[in-house]
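Heads up: the structure comes next, in structure tokens.
Remember, predicted model here, so these are calculated numbers, not experimental data. Atoms within each ligand, like the ligands themselves, are counted from 1 in listed order. Atoms considered below: every heavy atom in the structure, side chains included; atoms not considered: hydrogens, waters and symmetry mates.
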Amino acid sequence: MICGENMTETARQKAIIKVLRTEYAGVRSALKFADVYQLLVAVMLSAQTNDNQVNKATEKLFSLFGTPEAMAGLQPEELEQYIKTCGLYKNKAKNIVAASKMLLKEFGGEVPKTRGELMRLPGVGRKTANVVLSVGFGLPALAVDTHVLRVANRLGFSIATTPDEVEKDLCRIIPEKWWKDAHHWLIWHGRRVCKAQRPACEECILNSMCPKKKVSDK
Ligand code: SF4
């Protein structure tokens, strides 16, 4: 058994990363998509909406309007009918149609491969851009959502409270070759074990190394 109390901070962080890599080897995004454009739309829809709800909405949507050309031809009000089960759907509909038009006008209908270009698309922030870069293109990027932020804080990887700052801290601690996978490790751990309200510390494989392991006892 690993004992966190006798470890240096760097050794503790390395040991945690090793356990996460092993435990969550091969985990992938739960979103369903056929190409990078559909991934972009699915991630845009996923804000404040769980992956199952997004997948239900996109099943029909992508079968009819799964390309930038088809999506750009819709009025936002038409798109709303397909994504009503997703939170903030009116705003998302506007942004998805506008982003699809911009892809056609400025990027030849292709999803760009740089964060700066992605973040020019309406409704695309740093987290969405990082998911597209890592999941869609396999590039080193580490997207920080609410699960990643919470787990990173609890594990002592970061004391920052904003996604951008937590991303910087994680990218310092985790080797670049694992950035694209670390997003999934931390999300899965956050959803299954280190939950927001009731973290299952007693069952957690990291509890001997976690500074917040007692939160469930409070
Ligand atoms: S020990 Fe508890 S707080 Fe720490 S990572 Fe595991 S579930 Fe989260």
Contact list for residues 116-161, test ring-ring contact (aromatic ring centres under 6.0 Å, His included), sequence neighbours left out
none
Using the ring-ring contact (aromatic ring centres under 6.0 Å, His included) rule, collect all pairs that involve residues 70-128, keeping only residues at least two apart or in two chains.
Phe65-Tyr82
Could you report the tightest heavy-atom contact between Thr162 and Leu149, atom names first, then the distance?
C-CD1, 3.9 Å
Specify the closest pair of heavy atoms between Cys194 and Arg154, including all atoms of both residues, with the distance to one decimal.
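Scanning both residues completely, I find the closest heavy atoms to be SG-NH1, 3.2 Å.
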N, O or S from Cys201 under 2.8 Å to atom 8 (Fe) of ligand 1:
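For Cys201, the answer is no, given that no N, O or S atom comes within less than 2.8 Å of atom 8 (Fe) of ligand 1.
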Measuring from non-hydrogen atoms of Lys195 to any atom of ligand 1, is the shortest distance under 4.0 Å?
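For ligand 1, residue contact (heavy atoms, under 4.0 Å) with Lys195 is absent.
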Record the part of [X] in heavy-atom contact with ligand 1 below 4.0 Å; permitted values are side chain, backbone, both and neither.
| X | value |
| --- | --- |
| Asn207 | both |
| Cys194 | both |
| Arg154 | side chain |

Pair Arg12 + Glu9: basic N to acidic O under 4.0 Å
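Answer for the salt bridge query: yes.
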Which atoms from ligand 1 have a heavy atom of Leu155 less than 4.0 Å away?
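Counting from 1, the qualifying ligand atoms are 5 (S).
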Do any N/O/S atoms of Cys204 come under 2.8 Å of atom 4 (Fe) of ligand 1?
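No, since none of the N, O or S atoms of Cys204 sits under 2.8 Å from atom 4 (Fe) of ligand 1.
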